[in-house]
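Below is one structure, written out as structure tokens, with a few remarks after it.
Only a predicted model underlies this, so the values are computations on that prediction, with no experimental measurement involved. Just the heavy atoms: all of them, side chains too, but no hydrogens, waters or symmetry mates, feed the values below. The chains referred to below are lettered A, B, ... by the order of the sequence lines, with proteins before strands, and numbering in each begins at 1.
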2 protein chains.
Amino acid sequence: MKVLRVPEATVSRLSIYSRFLERLEKNGVTTVSSNEIAKGVGVSPAQVRKDLAYFGEFGTRGVGYSVKDLIHYILKILGLTHTWPVVLVGAGNLGTALCAYRGFRDRGFNIVAVFDNDLLKIGKRIQELEVLPVERLPEVVAEHGVRIGIITVPQSSTQEAADLLVKSGVDALLTFGPAVVHVPEHVVVRNVDLSIKLEILTFNLAFREEFHPSHFFEPKG
Amino acid sequence: MKVLRVPEATVSRLSIYSRFLERLEKNGVTTVSSNEIAKGVGVSPAQVRKDLAYFGEFGTRGVGYSVKDLIHYILKILGLTHTWPVVLVGAGNLGTALCAYRGFRDRGFNIVAVFDNDLLKIGKRIQELEVLPVERLPEVVAEHGVRIGIITVPQSSTQEAADLLVKSGVDALLTFGPAVVHVPEHVVVRNVDLSIKLEILTFNLAFREEFHPSHFFEPKG
DNA sequence: TCGCATTAGTGATAGTTTTCTCATAATCAT
DNA sequence: ATGATTATGAGAAAACTATCACTAATGCGA
């Protein structure tokens, strides 16, 4: 049997589907069609079916999907059938904001500790957590079996934080900002870069107006 | 002449290239090859050249690119030759963190005002800004010629905030969280969903271990 | 000045992701 | 039961994106 690579876009959409479905379930909806999911989250119905088809057959022809079951299947696919302990490195503004972010807890992510190497921040309280010195990272990671680390330190320290997390046994990292981090093969890294997102906006604004395609793409010769 | 659509991934990479190049420039580097850029940001050299080729010819064969010139060209493409006034709606944890985020200012984004509809937050100071009631949004947008809005309100209020921003004349929105917003054709919207990013990590962790493909893809019948 | 090493630019190719189309299966009304 | 209707699942096609491989400049050293 051929093992299909699952596109990352599919994984992202599954996350979106599951949250849409949870809203439906809360409203008492028990059955849903790919068409309704598609409408609800802004993709095509075929896309919804294809995304699910990577993992099995979850629907009933002529009927649709059981909301409850589909939520369960997707959460299982995403590895969200249990909660995940998470550590956060970097107790600055962003780190503090993320600690307070309800969305994480709602999805089963449990921030168990926050670390920093700045003496001014160590000992400070964020939510119910005391900011710990990074030296204690290995110990906490081992104690809680933490596999996921969120890095919200300045760009220049990102690699250092990543190294420390990996050495402590963490094998999945979420980084912020433009830094490129190098990690061993077995470690998964994803990045959020807010400036990129804003620059996609300005590109679209600028492109539409200043560089009308018929000028901009004029071949040289 | 055929008008090429520029992949969004290309725009994202241009943003990354430009920041890498700015680091080089700071270190006194004057010339760079596609190979060196590729190494520096973790893509292929051909990718770098292709990305640039969407917009023109910026290099010299046998030599490479002038760091200074290439920075200038990319910033122009991204619409970053002038600063952009930005408004932020939602003075919660995330909004507060974004106000303090240096990365925005470094790239020419200037948060000119923060709004909220929560009386407990209105009047509060964030950085040098006083949180204003959303009623004043149209006025501020008009005054500063704001075209970009960042929405950091709870999911249930996202559409409302978007509507208000659009009605005030903003035509580019950055939203956070899972909400799907509906806007007129001419408005650009991009979204940052941090839960998705974490769930891509858990998918990878779970997938590798719990669902080995040879089990997971077993056909139903 | 000539030839060699280097590197951008580009058309062709390969690979990936999305969309399309239709056969299949289930429900419902008669 | 049976036919009409609905909606999934899946293979094919289309669209899109990335890589490859080659050509064309350019600089440098002999």
query: Which comes earlier along DNA chain C counting from the 5' end, the contact point of B:Gly64 or that of A:Gly62, where each point is its nearest nucleotide?
result: B:Gly64
statement: Min and max contacting nt of DNA chain C in 5' to 3' order, chain A heavy atoms within under 4.0 angstrom, are C:dT17 to C:dT27
- request: Mind calculating the distance between CD (A:Glu57) and C1' (D:dA7) to the nearest angstrom?
  value: 14 Å
message: Counting C-beta onward and ignoring hydrogens, is there a side-chain heavy-atom pair between B:Asp69 and B:Phe58 closer than 4.5 Å?
response: no
task: Report the distance from atom NZ of A:Lys50 to atom P of D:dA13, rounded to the nearest whole Å.
output: 13 Å
message: Contact between B:Asn191 and B:Phe176 at the side-chain level, heavy atoms closer than 4.5 Å - yes or no?
response: no
- prompt: Given atom OH of B:Tyr65 and atom P of D:dA25, what is their separation to the nearest angstrom?
  reply: 16 Å
query: B:Phe58 has an atom CZ; how far is it from atom C1' of D:dA25, in whole Å?
result: 18 Å
task: Find the distance A:Asp51:CG to D:dG9:P and express it as a whole number of Å.
output: 12 Å
- prompt: Heavy-atom count around B:Gln159 CD within 6.0 Å, excluding the residue itself: above 12?
  reply: yes
message: Please find the pair of heavy atoms, one from B:Gly95 and one from B:Thr152, that lie closest to each other, and give the distance.
response: CA-OG1, 3.5 Å
message: Looking at every non-hydrogen atom in both residues, tell me the closest pair between A:His182 and A:Asp163 and how far apart they are.
response: O-OD1, 4.2 Å
field: Near-strand residues of residues 20-49 of chain A, defined as heavy-atom separation under 4.0 angstrom from DNA chain C
entry: A:Ser44, A:Ala46, A:Gln47, A:Arg49
- prompt: Can you find a heavy atom in the side chain of A:Leu137 that is under 4.5 Å from one in the side chain of A:Val89?
  reply: yes
query: Do B:Asn204 and B:Thr202 come within less than 4.5 Å of each other through their side chains, counting heavy atoms only?
result: no
message: Quick one, A:Leu88 and A:Leu98 - any side-chain contact, counting heavy atoms below 4.5 Å?
response: yes
task: Can you label the angle between the A:Phe104 ring and the A:Tyr101 ring as parallel, tilted or perpendicular, going by 30° and 60°?
output: perpendicular
field: Those residues of residues 187-203 of chain A lying under 4.0 Å from DNA chain D by at least one heavy atom
entry: none
field: Contact under 4.0 Å: B:Arg5 side-chain N or O vs D:dT17 OP1/OP2
entry: yes
pair A:Leu70-A:Tyr17: side-chain heavy atoms closer than 4.5 Å: no
task: Taking only the side-chain nitrogens and oxygens of B:Tyr54, find out if one of them lies under 4.0 Å from OP1 or OP2 of D:dT17.
output: no
statement: Residues A:Ile111 and A:Cys99: closest non-hydrogen pair is CD1-CA, 3.9 Å
- request: Return the nearest nucleotide to the side chain of B:Pro7; candidates are D:dA12, D:dT17, D:dA7.
  value: D:dT17
